[in-house]
Colleague: 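Pasting a structure here, questions to come.
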Amino acid sequence: MWTLNAFPPNPPLPPKKPLKPKPLLLHSLSKSGHLDEALSLLLKSHPPIPPTTNLEAYSHLLHSFITHKSLRHGELLHRHLLHSTPSLLRHPLIKSKLITLYSVCARIESARLVFDEDDDDEPSWTAMVVAFSKNGLHEDSLSLYAGNASWRSDFADSAVLKSCSVLSAVRLGRAVHARVLKSAREPDQVVLNALVRLYVKCGTLDEALKAFDGMPQRNVVSWNSLLSGFVDRGFFIECLDLFRRMQIESSVGFSWVTLTTVLSACSQITALYNGREVHAQMVKSREEPDIVVLNSLMDMYAKCGVVEYCERVFRGMGGHDLTSWNTMLTCYAINGCARDALELFDEMVGRGVGVKPDGVTFVALLSSCAHAGFVDEGRRLFDRMDVEFGVRKKVEHFACLVDLLGRAGLIDEAFEVAEKMPMRPGGSVWGSLLNSCRLHGDVKLGEIAAMRLFEIEPNNAGNYVLFSNMFARERMWEEAEKVRVAMEEKGLKKEVGRSWVQVGSRIHSFVAGGGVSFRSSSEYKKVWEELVEAMEREGYVPDTDVVLHDVDEGTKAEWVCGHSERIAVVFGLVNSGDGIPIRIMKNLRVCDDCHNVMKVVSKVTRRLIVMRDTNRFHHFRNGACSCGDFW
DNA sequence: ATAGGGTTAG
C-alpha cells in the first residue's frame, strides 16, 4: 500500500495507445465492479466488437450485473440487445442470465416476460423455476417444474424442493426424490439437503432421519437443514441433542446459521445454559459474528430473562439493524422494563441512527406500557405511530391499546376502542378484554367479551379456561363449573400444560399431572414436605377450589401434584445447589394459585425463580413477582 | 462462470 511519503517519483510516461475493447479488459472491468465503464466500453466501442466475441462479452457482463444485483445496467443491456442483436436474446446463455438477473432484482414479471418470449430451453427453464421459488411464487415454480418431464437439473430440483417444503407438497417432493434416485449420476449434495428439509418440515421424522443418515456425506447445510426443521416442528430438545451430536461426530464445524438456529431453540425453551455455551463457541471461534447471529443471541438472553446480557450484546455489536432494536425493545417489554423501552425508543429515533421503526417496534412499546400501566405514554405512542412515524396501525396495535386500557381498569374505554376500530377486532382483542375483566372482576363485561370471542374462535379451549378463571377468581364456582362443562360438551380439550426447567446442562420437561416417577422419589417428598411446612408458616393456603386444574379429582387437593410448573420448580430445587436461580418455561398462562406458590417458594428458599409464560416473564424474588400480580 | 441449499425480532 502506498502512503503519501512513499509515493514513488513519476515514471516516464508510456507511449499512448488507443484503448482497445478487448474482452479481457471488459472482463476485468466488470469483475472489479466498474459496471458503468464496462457497459459503455461494450456499447460504444469503435470499432464494434466482432460478433463472435459478443456472446462471451455479454455473458460476462450479465454475470457481473447478477452478482451486483444491478437492475439498471441489466435493463440498459437488455434494451441494447433488443435494438442491436435480438437474436442473442434467444440464446440460452443470455436468456437464462437475463432471467436470473431479473430474479435476483426481485423483478419476477420481467423475468417471466423474457422467459415467455420464445421457445424454451433447459437453462432458461431452470433459471425460471429457480426464479419463481426465490421470489416466493411457489405454486408457479411447482407447475413449471411439473409441466416438463424431460428436463432435469440439480438446480431446478433443489429450487422446486424448497417450494415443495413451503407448500407442504410432499407428493411432488417424493416424485422429485424418485427422479433423483433413478438418475444415473451421483445425487447432488444440495438436492439431498433440500430433501432433508422437505421431510423434516412436512414428512415424518423417520423419513427425515432416513434421508439425513442415508446421505453419502453431510456438509454444514445438511446439519443446519435438520436443525432448523426440528425448531420449526417444535422439537427443541432434539435440536440441542443434534447440535451436540454435530460437534462430536462431524468434522464440518458450524456456521453462523447453525448457531442462529440453535439459539432460537434455546430461547423457546429458556435453555440459558445451552445458550451460554453457544455464546462461548462464538467467542472462541474468533470470527466476526454476523448481525443475524448476534440478534439471535440477544433474543436468547431476552427470552431467558437475562436483560443485562441482552443489553451487553446489544451495546457491544458493531451495528444495529431494525431487528436488533426491536429485539432489545421486546426484551424490555417481556421483562417488564417499560422505562428502559421508552428511553431506548428515543435513542432509536434520534439523530443519526438511520433505522425506521415498524409495526413490531410499536407492539413492543405498547405492550411495555400496558404491562407497566403507563396509560398516557401508551396512548401518546399509539397516536404518534402513524402520523409521526408513518407506521400503519394494524389489528395487533389496537389489541395492545385495548390491553393497555383494560389492564389499567379503563374497561369501558377499552370496549369502545374494540367496537370502533377500523378492522375486525379478532380474537386477540376480545381475549385481552376478557383478561382485563378477569383482572378487575368485571364479570358483566367479561361475559360480553367472551361471547364475541367464542364467535370468532369457537374451538379455542384457552378462551374457555380464561372465562372460567374469571368466575373462579370471583369465587363464582357455579358459573366457573358451567363454563368448564360447556367446554367439555363441545369436545374441547385444554392444551396439555407443560414446563421446561434447566438443570445443569440439561432441559427437563414436565407435563401437568405427570412426572410420576420423579414425584415418588424420596428426595422429592422431602423437599416437598419442607416446602409445605415453610409455606404454611408463611400463611399460604392452597386454593383447591380453582377449577380447571388439568388433573383428576383425586389429586386436585395435593397442591404439588398438579400444574407442571410446580413439579418443575421442585425438580429444580432438588437438583441444583443453593442460590442457583431456577428458570422455568411454561407453555400456558400461569394460574393464580401457581403464581402464589412461586412467590412463597422464592421467599422460603431464597432463590430467584424466573418463569416465562406465554406472553411475559415473572421474576419471583423474596416473595414478590416483577409482574406486580398483573398478568 | 448459467444457476442452487440452511438463519433472527411480534
Side-chain angles (χ1 to χ4, degrees), chain A residues 27 30-31 56 59-64 66-67 91-101 103-104 121-131 133-134 153-162 165 188-198 200-201 218-232 252 254-265 267 289-300 302-303 310 314 320-331 333-334 357-367 394-397 399-400 428 615:
Chain A
H27 193 176
S30 56
K31 236 183 145 172
E56 200 192 343
S59 156
H60 278 313
L61 260 190
L62 275 169
H63 182 83
S64 309
I66 289 167
T67 49
H91 193 285
L93 199 69
I94 301 296
K95 194 174 161 184
S96 61
K97 281 194 163 169
L98 255 183
I99 291 169
T100 302
L101 176 69
S103 160
V104 301
D121 56 85
E122 197 260 18
S124 304
W125 172 79
T126 302
M128 200 64 223
V129 171
V130 172
S133 179
K134 271 230 137 99
S153 83
D154 293 333
F155 293 92
D157 286 352
S158 55
V160 83
L161 282 171
K162 155 86 189 181
S165 48
D188 178 76
Q189 181 73 52
V190 179
V191 173
L192 292 178
N193 290 344
L195 279 167
V196 170
R197 195 70 182 77
L198 171 80
V200 72
K201 164 110 200 307
R218 291 172 275 280
N219 62 13
V220 68
V221 180
S222 323
W223 290 89
N224 293 348
S225 300
L226 194 56
L227 287 168
S228 68
F230 278 161
V231 176
D232 276 0
V252 298
F254 55 76
S255 66
W256 295 138
V257 176
T258 316
L259 302 192
T260 301
T261 307
V262 173
L263 284 168
S264 155
S267 66
D290 68 14
I291 197 160
V292 178
V293 75
L294 288 169
N295 290 342
S296 310
L297 185 64
M298 283 175 61
D299 183 57
M300 184 277 296
K303 299 273 169 64
C310 182
F314 180 76
H320 301 133
D321 63 9
L322 180 58
T323 301
S324 325
W325 290 98
N326 286 344
T327 306
M328 195 64 242
L329 289 170
T330 302
C331 173
I334 60 181
D358 69 349
V360 179
T361 315
F362 284 95
V363 168
L365 289 170
L366 293 171
S367 63
K394 297 208 287 193
V395 63
E396 58 263 35
H397 302 110
C400 287
S428 58
N615 64 114

Colleague: Figure out the NE2/C1' separation between His320(A) and dA9(B), and round it to whole Å.
Modeller: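 Going from NE2 in His320(A) over to C1' in dA9(B) covers 14 Å.
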Colleague: What about Asp188(A): does its side chain form a donor-acceptor pair under 3.5 Å with the base of dG4(B)?
Modeller: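 When only heavy-atom distances are counted, Asp188(A) does reach the base of dG4(B) through a donor-acceptor pair under 3.5 Å.
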Colleague: Roughly, in whole Å, what's the span from CG in Leu98(A) to P in dA1(B)?
Modeller: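 It works out to 21 Å between those atoms.
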Colleague: May I have the distance from Ile99(A) (atom CD1) to dT2(B) (atom P), rounded to whole angstrom?
Modeller: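 Taking atom P of dT2(B) as the reference, CD1 of Ile99(A) is at 15 Å.
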Colleague: Whole-Å distance between dT7(B) P and Leu226(A) CG?
Modeller: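 Rounded to the whole Å, the gap is 12 Å.
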Colleague: Using only modelled atom types and a 3.5 angstrom limit, is any donor from either the side chain of Ser296(A) or the base of dT8(B) paired with an acceptor on the other?
Modeller: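 Counting by modelled atom types and ignoring angles, no donor-acceptor contact under 3.5 Å is found here.
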Colleague: Phe362(A): which residues meet the ring-ring contact (aromatic ring centres under 6.0 Å, His included) condition with it, sequence neighbours left out?
Modeller: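 Per chain and number, Phe362(A) pairs via ring-ring contact (aromatic ring centres under 6.0 Å, His included) with Phe345(A), Phe389(A).
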Colleague: Verify the stacking flag for His60(A) against dA1(B): centroid separation must be under 5.5 angstrom and the ring planes must differ by under 30 degrees.
Modeller: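 One would not call His60(A) stacked on the dA1(B) base.
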Colleague: Under the 3.5 Å rule, do the base of dG6(B) and the side chain of Ser255(A) count as making a donor-acceptor pair?
Modeller: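 Yes.
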Colleague: Within the side chain of Ser264(A), is there an N or O that forms a donor-acceptor pair under 3.5 Å with the backbone of Thr260(A)?
Modeller: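 No; zero donor-acceptor contacts below 3.5 Å.
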Colleague: Does the distance from a Lys or Arg side-chain N to an Asp or Glu carboxylate O, for Arg197(A) and Asp232(A), drop under 4.0 Å?
Modeller: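 Counted as a salt bridge, because a side-chain N and a carboxylate O are separated by less than 4.0 Å.
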Colleague: So, Phe155(A) and dG4(B): ring centres less than 5.5 Å apart, planes less than 30° off, yes or no?
Modeller: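 Per 5.5 Å and 30° rule: no stacking.
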Colleague: Using whole Å, what does the distance between atom P of nucleotide dT2(B) and atom CD1 of Ile66(A) come to?
Modeller: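 Computing the Ile66(A):CD1 to dT2(B):P distance gives 11 Å.
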Colleague: Asp290(A) near the nucleic acid: base, sugar-phosphate alone, or nothing, with a heavy-atom cut-off under 4.0 Å?
Modeller: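 Counting heavy atoms under 4.0 Å across all strands, no contact is made by Asp290(A).
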Colleague: Under 4.0 Å, counting only non-hydrogen atoms across every strand here, what does Ser228(A) touch: a base, just sugar-phosphate, or nothing?
Modeller: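 The residue Ser228(A) makes sugar-phosphate contact but no base contact.
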Colleague: Nearest-Å distance, CE (Met300(A)) to P (dA9(B))?
Modeller: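 Rounding to the nearest Å, CE of Met300(A) and P of dA9(B) are 13 Å apart.
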Colleague: Check ring-ring contact (aromatic ring centres under 6.0 Å, His included) between Trp223(A) and all other residues, then give those that pass, not counting sequence neighbours.
Modeller: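 Testing Trp223(A) for ring-ring contact (aromatic ring centres under 6.0 Å, His included), a comparison that skips the adjacent residues, returns Phe212(A).
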